[in-house]
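Written below as C-alpha cells is the structure these notes are about.
Remember, it's a predicted structure, so these values are computed and weren't measured experimentally. Starting from 1, each residue takes its place in the sequence as its number.
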Amino acid sequence: MRGSMMLFALTPESTLTKNIARHLNLPVGAMTRRKLANTETLVEIRESVRGKDVYLIFSCTKDFNNSILDLLMVVEAMKNASVGTVTIVLPSFPYARYDCVSRVDRCPIARLIADMLQSVDCDRVLTMDLHTPQVQGYFDLPVDNITAEPAFRDWIKENHLKKAVLVTPNPEGTKRVAQFSESMGMQFAIVHVADNEDSAGPHRPHSLVGNIKDRDCIIYDDIADRCDSIVKTAEFLKLKGAKRVFCMVTHGLFTKESLQRCAASPIDELVVTDTIDQQENQEIYPKLHTVDVSHLFAEAIRRVHNNEPLLALFKL
C-alpha cells in the first residue's frame, strides 16, 4: 500500500516549485539547510516523512556542483527518517550532453550524476527532455523522461504559427524535430553544420534541407547556453529567405553574454520553459518568453503516485 504524498524542494521559492505545489494542492514540506563555519552543510527535515512517498524537486541552479551535495544529503536525511520512497524531480538533468567519452572533450559524463543519485538509494527519477535518451540506461531504477511538447504545442497554436517550419539547428536533432512536426502537422527543415574540431566552439551552418523561403521558422532544440548555434542558425535562415525566426528551447542555461548575443541577432522571440528560472534573464532580454511546464510535472507526479501510465502526458 502506498504512503501519502509529500512535496519537498531545494528551491522552494522558485516559481516552478510553487506552481507544481499549487497544481497538486500540496504544501512544500519544511526543511532547513545552513552552512556551518567550516562550509559544511547541515540539513534538517522539519516534519515527519516516516512511511511517506516524497517527491523532491531539484531545479538546476548556477551553483549546481555544490547544490548536488545538498540534494544527496537531503535524501540521506529522509532515508534516515524512515521515508517510504523518494522520487527526485530533476526538471533539467545536469551534464546530460556528456553521454559518452569524447576524444576532444574528455569531460565527466552523465553516468557520474546517475551513480551519485543512486548512491543514496533514491527510488525514482523524474526529468524532462533528456538530451539523449540513453542516459536512462545509466540507472538501475525507474527514470521517467517527460516532454515539454504539450506546452510548446499550446504556444504555437496561441501564436498562430502552425504554418511555420520547424528547424533543427543540427542533424542530431532531426528525430526530435521530425516527431514534433508530425504531431503538429507542420513541415520541418534540417540545417547541416560544418565539422568543428573544437567542440567548445560554434558550428558553422553550411547547407539546408527543406523549403523556408518567405516562411516563418521555429528553431527547435532541447538545450541552449552559449546560444552560438541558434544565433548562427537564425542568421543562416534569414540569408536563405526566412520571414521571421523564432527559437524554442526546453532548457535555457543562459548567461548574460549569451542573451546579449541573442539580442543582437535576427531572432524575433526566444521561447523557453521554466525548468530553470528565467526571471532575471527576462529583464536582460525582453524577447525572452517563458512557457509554464508545472502542470506537466504535477500530472506526472500524480500519475506516478497512483501507478498510472504517463503516456497520456504526451497527448495533452
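- Counting heavy atoms from C-beta outward, I156 and D154 have side chains that stay 4.5 Å or more apart.
- Residues I218 and M248 meet the side-chain proximity criterion, which asks for heavy atoms closer than 4.5 Å.
- Salt-bridge formation is detected for the pair R303/E299: a Lys NZ or Arg NE/NH1/NH2 atom is positioned less than 4.0 Å from an Asp or Glu carboxylate oxygen.
- Between D222 and T250, the side chains place no donor N or O within less than 3.5 Å of an acceptor N or O (distance only, hydrogens not considered).
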Evaluation steps, side chain to side chain contact (heavy atoms under 4.5 Å, CB included), between T168 and Y220: CA-CA 6 Å; T168 174; Y220 183 39; over 6 Å; no
Review item, side-chain donor-acceptor pairs of residues 113-121, under 3.5 Å, at least two apart:
residue, atom, partner, partner atom, Å
Q118, OE1, D140, N, 2.5
S119, OG, M116, O, 2.5

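- For the atom pair CG of L259 and OH of Y285, the computed distance is 8.0 Å after rounding to the nearest 0.5 Å.
- Note that CD1 of I301 is 12.0 Å distant from CG of D53, once rounded to the nearest 0.5 Å.
- In this structure, CZ on R176 lies 5.5 Å from CG on D221, to the nearest 0.5 angstrom.
- Of all the heavy atoms in I230 and C262, the pair that sits closest is CD1-SG, 4.3 Å.
- Between R226 and E257 there is no salt bridge, since no side-chain N of the basic residue sits under 4.0 Å from a carboxylate O of the acidic one.
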Check: residues 179-186 side-chain donor-acceptor pairs under 3.5 Å, at least two apart:
residue, atom, partner, partner atom, Å
S181, OG, V177, O, 3.1
S181, OG, A178, O, 2.9
S183, OG, F180, O, 2.7

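- A distance of 4.0 Å separates CZ of R124 from CG of D144, quoted to the nearest 0.5 Å.
- The only member of V86, L56, L69, V54 that meets side-chain contact (heavy atoms from CB on, under 4.5 Å) when paired with V74 is L56.
- Remark: the T147 side chain and the D129 side chain contain an N/O donor-acceptor pair separated by less than 3.5 Å.
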K287/D268 under salt bridge (charged side-chain N to carboxylate O under 4.0 Å, His left out): CA gap, chis, key distance, verdict: CA-CA 7 Å; K287 291 182 179 180; D268 289 273; 5.5 Å; no
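- Residues S294 and H23 have side chains that bring a donor and an acceptor to within less than 3.5 angstrom of each other.
- Using a distance-only test at 3.5 Å, with no hydrogens or angles considered, no donor-acceptor pair links the side chain of E44 to the main chain of T32.
- Between W155 and F246, the ring planes are perpendicular. Angles over 60° get that label, and only those under 30° would be called parallel.
- One finds no salt bridge joining K163 and D216 here, because no Lys/Arg side-chain nitrogen approaches an Asp/Glu carboxylate oxygen to under 4.0 Å.
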Test log, rule side chain to side chain contact (heavy atoms under 4.5 Å, CB included), inputs L24 and R22: CA-CA 5 Å; L24 291 171; R22 176 175 55 82; over 6 Å; no
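- A chain of hydrophobic side-chain contacts below 4.5 Å, direct or via other Ile, Leu, Val, Met, Phe, Trp or Tyr residues, connects I88 to F8.
- The environment of CD in E76 is crowded: more than 12 heavy-atom neighbours from other residues, nucleotides or ligands sit within 6.0 Å.
- With N170 contributing its side chain and E172 its backbone, the two residues share a donor-acceptor pair below 3.5 Å.
- A donor-acceptor contact closer than 3.5 angstrom is absent between the side chains of T290 and D274.
- K52 approaches S4 most closely through the heavy-atom pair CD-OG, 2.9 Å.
- When all heavy atoms are compared, the tightest approach of S59 to P91 is OG-CG, 4.0 Å.
- In this structure a side-chain-to-backbone donor-acceptor pair under 3.5 Å is present from H251 to M128.
- For the pair D214 and K243, the tightest heavy-atom approach, listed with the atom from each and the gap, is C-CB, 3.9 Å.
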